[in-house]
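Scroll down for the structure; my scribbles are underneath it.
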Amino acid sequence: HYGGLDVSSEHECIDVLEPRVYERRQQQLLYPDHAVQSVCVGMHQNGMLIDQRIRGELETKFTKEAGTRLETLRDVLNRRTFNPRSHEQVTDLLYDQWGLPIYKYSEKTGAPSGDDDCIIQLFTYSELTSLQRRVLRLIRKVRKANKNLEVVLACRLERFGGFAWDIDGRIRTTYNAHGTVSGRTSSSEPINLQNITGELRIMFIPGVGRVFVGADYAALEARVVAAIAQAINLLLIFKNGFDLHGFIAESAFGQLYRDAEGYVHYTKGSPPENTVAYDMRVSAKRIFFGWIYGAGLETIHKQITEAEDEEGELTNYDADSRETAIVIDALSESVAPEIPVWWDRQVESWRQLGFVYEPVLGRRRDCLDSVHGNEELSEMANFSVQSAGAFLKNLSLIEFVEKCPFGFAGPGTGLVGESHDHLMAEVPENDGARWAKELEGTMTKEVDTLPGVRFTAKGKVGRSWGEV
């Protein structure tokens with residue numbers, strides 16, 4: 001009944017909305033957006049198989065981790081009833097008992113926040129004691145273990161609470177083609193498969209006699225912004241297969257980088273992990289990916305201090321903002337001076353047209369938050385780059401499904417998952433190498449409206465999602 005009402009209501013809207021699509025010159029989006037919606041349905045129907053043995057092992061691991069970390073936290077605080085998942089108890093500890101500064105308030109209640117973003121910001125507070133720092137770290141560790149546990153529990157082979165299980169043992173998430181302004185897809189109930197970390201991906205497996213094939217775009221959005229801005233140095237780096245972030249680090253830090261342990265010239269590769277040069281390169285990389293979207297020093301440095309390792313530890317909470325400023329100056333003055341010029345063009349285009357658009361298919365965004373003169377440069381730059389990247393991935397997604405249809409080799413075969421730069425399919429084991437090559441070829445392309453750069457991907461074959 002309710003489904004019928006929804007369909008009827010949407011049908012009534014078509015006569016009103018369709019002319020607006022043409023008035024806004026967005027009719028070229030109709031086919032690709034509808035095709036992506038169809039693919040989302042196919043991926044939902046395929047689902048992904050869960051290895052219940054591995055899932056059970058992960059459940060045991062995270063249950064133990066959560067319990068052990070909670071006990072340690074309570075011992076440190078000497079409070080046996082402390083619950084780090086309780087907003088009231090956490091905020092009472094942070095602000096009423098410890099008197100720490102309030103960096104964030106809840107949008108719903110206006111009360112001081114105790115969420116993870118707030119705790120991360122507190123790590124930068126210079127007067128934080130060693131005890132307080134240890135407690136904050138433990139709170140985050142307990143929360144992370146519980147979050148992982150929630151995902152693992154949601155993948156139990158049971159049918160309750162609306163979980164999208166079927167008799168084939170596959171979990172079926174909902175993919176959404178129209179949930180973002182950029183054209184990126186999103187994922188929701190029963191779990192967000194686009195937000196699954198590498199540690200959890202090992203429990204997602206192909207069916208018997210099958211393998212997964214997957215491919216990631218190489219530096220997708222960096223290539224997009226290089227092409228949009230026609231940033232000569234970046235285009236040359238990509239054309240020659242050099243290390244972009246090594247080039248940025250060397251441009252910013254100069255001799256200091258060249259003298260660092262593990263240094264490798266950017267034309268010959270990247271520094272090995274666990275070396276000083278590697279850490280400097282990683283820092284330059286993080287700053288670059290904040291800077292290309294028009295973010296300022298304060299915002300970028302905040303992103304740097306919030307960087308985490310695979311264990312969820314904050315690795316740069318005490319980073320020096322002067323280092324961030326040095327890299328930003330190098331990016332603006334010598335690495336890619338064309339990008340700030342492009343930002344200015346974006347703002348001027350918005351002032352003249354009343355909207356910004358991505359250059360591949362012309363998807364537009366009005367940026368209504370900027371109508372009173374407060375041009376949100378970051379929002380404009382972010383949209384153009386992410387939307388162009390989304391269309392390139394969506395185009396590859398549509399093309400690959402045409403070559404590798406859903407169910408082509410039995411139920412569950414074909415595309416089973418995707419994210420903003422990644423595609424993955426389930427195929428017969430004896431044909432895995434061919435389909436990996438096919439996926440790689442489909443994702444590798446050049447686009448006339450993004451001149452000077454080739455978008456590339458590398459196909460892989462694996463027996464779990466974690467391997468591709």
Side-chain angles (χ1 to χ4, degrees), residues 103 117 120-126 128 219 221-226 228-238 240 242-309 313-347 376-382 385:
Y103 290 114
D117 287 342
I120 288 174
Q121 289 186 59
L122 283 171
F123 273 93
T124 65
Y125 181 51
S126 60
L128 207 63
E221 292 179 0
R223 292 172 189 256
V224 168
V225 75
I228 292 177
Q230 284 296 285
I232 301 303
N233 287 333
L234 303 193
L235 294 176
L236 289 173
I237 290 288
F238 291 130
N240 291 293
F242 297 154
D243 176 24
L244 169 62
H245 305 298
F247 170 67
I248 296 171
E250 188 153 351
S251 300
F253 302 123
Q255 195 62 44
L256 185 64
Y257 180 66
R258 288 187 287 272
D259 290 341
E261 172 205 9
Y263 166 75
V264 176
H265 194 267
Y266 65 86
T267 61
K268 297 180 180 180
S270 305
E273 293 187 28
N274 301 316
T275 63
V276 176
Y278 176 84
D279 292 341
M280 295 174 74
R281 178 189 178 277
V282 168
S283 178
K285 176 180 179 179
R286 289 171 175 159
I287 295 168
F288 171 75
F289 278 112
W291 177 79
I292 61 173
Y293 295 120
L297 172 60
E298 183 177 349
T299 299
I300 295 173
H301 187 65
K302 179 175 178 293
Q303 293 171 352
I304 296 300
T305 59
E306 294 173 356
E308 301 179 3
D309 61 19
E313 291 283 359
L314 297 172
T315 56
N316 294 303
Y317 64 84
D318 56 351
D320 190 335
S321 62
R322 289 174 295 182
E323 179 178 292
T324 305
I326 288 171
V327 177
I328 290 175
D329 287 345
L331 288 167
S332 302
E333 296 172 5
S334 61
V335 173
E338 300 90 346
I339 291 178
V341 175
W342 166 63
W343 296 336
D344 292 340
R345 291 203 307 268
Q346 283 284 90
V347 174
E376 296 291 344
L377 171 60
S378 180
E379 179 183 281
M380 296 178 187
N382 194 301
V385 176

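Keep in mind that what you see is a predicted model, and the values were worked out from it rather than measured. As a basis for the values below, the full set of heavy atoms in this structure was taken, side chains included, without hydrogen atoms, waters or symmetry mates.
- For Asp117, the salt bridge (charged side-chain N to carboxylate O under 4.0 Å, His left out) test picks out Lys104, with sequence neighbours left out.
- Residue Ile287 holds its CD1 atom at 8.0 Å from CG of Leu331, rounded to the nearest 0.5 Å.
- A donor-acceptor distance shorter than 3.5 angstrom exists from the side chain of Asn233 to the backbone of Ser334, with no hydrogens or angles considered.
- Inter-residue side-chain proximity for Ile339 and Trp291 is flagged as met; some heavy-atom pair is nearer than 4.5 Å.
- A pairwise comparison of heavy atoms in Leu128 and Leu122 identifies CD2-O, 3.5 Å as the closest pair.
- For the atom pair CD (Gln346) and CD1 (Ile228), the distance works out to 7.0 Å, reported to the nearest 0.5 Å.
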| task | Quick one: do Glu250 and Tyr263 satisfy side chain to side chain contact (heavy atoms under 4.5 Å, CB included)? Show the steps, please. | result | CA-CA 10 Å; Glu250 188 153 351; Tyr263 166 75; 3.0 Å; yes
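- Of all heavy-atom pairs between Ser270 and Val264, the closest is O-CG2, 3.8 Å.
- Across every non-hydrogen atom of Leu244 and Ala222, the tightest pair is CD2-CB, 4.3 Å.
- Minimum heavy-atom separation, Ala260 to Met280: CB-SD, 3.9 Å.
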| task | Step by step, work out the side chain to side chain contact (heavy atoms under 4.5 Å, CB included) result for Tyr293 and Thr299. | result | CA-CA 11 Å; Tyr293 295 120; Thr299 299; over 6 Å; no
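- With sequence neighbours excluded, no residue forms a salt bridge (charged side-chain N to carboxylate O under 4.0 Å, His left out) with Arg345.
- Considering only heavy atoms from C-beta on, Tyr257 comes within 4.5 Å of Pro271 through its side chain.
- In this structure Phe289 satisfies the ring pair (Phe, Tyr, Trp, His ring centres under 6.0 Å) test together with His245, sequence neighbours excluded.
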| query | Can Trp342 and Gln230 be said to form a side chain to side chain contact (heavy atoms under 4.5 Å, CB included), step by step? | reply | CA-CA 9 Å; Trp342 166 63; Gln230 284 296 285; over 6 Å; no
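- Annotation: the span from Arg223 atom CZ to Leu234 atom CG amounts to 11.0 Å, rounded to 0.5 Å.
- The shortest non-hydrogen separation linking Glu261 to Asn274 is OE2-O, 4.2 Å.
- Trp343 has its side chain out of reach of Met380: every pair of non-hydrogen atoms, C-beta onward, lies at least 4.5 Å apart.
- Around CD of Glu298, the count of heavy atoms belonging to other residues, nucleotides or ligands within 6.0 Å does not exceed 12.
- With Val335 as reference, Ile248 is the one residue of Ile248, Val327, Asp329 to meet the side-chain contact (heavy atoms from CB on, under 4.5 Å) rule.
- In plain terms, the two heavy atoms of Gly262 and Ala277 that are nearest each other are C-CB, 3.7 Å.
- If you take NE2 on His265 and CG on Asp243, they are separated by 10.5 Å, rounding to the nearest 0.5 Å.
- Note that CD of Glu273 and CG of Asp279 are 10.0 Å apart. Values are rounded to the nearest 0.5 Å.
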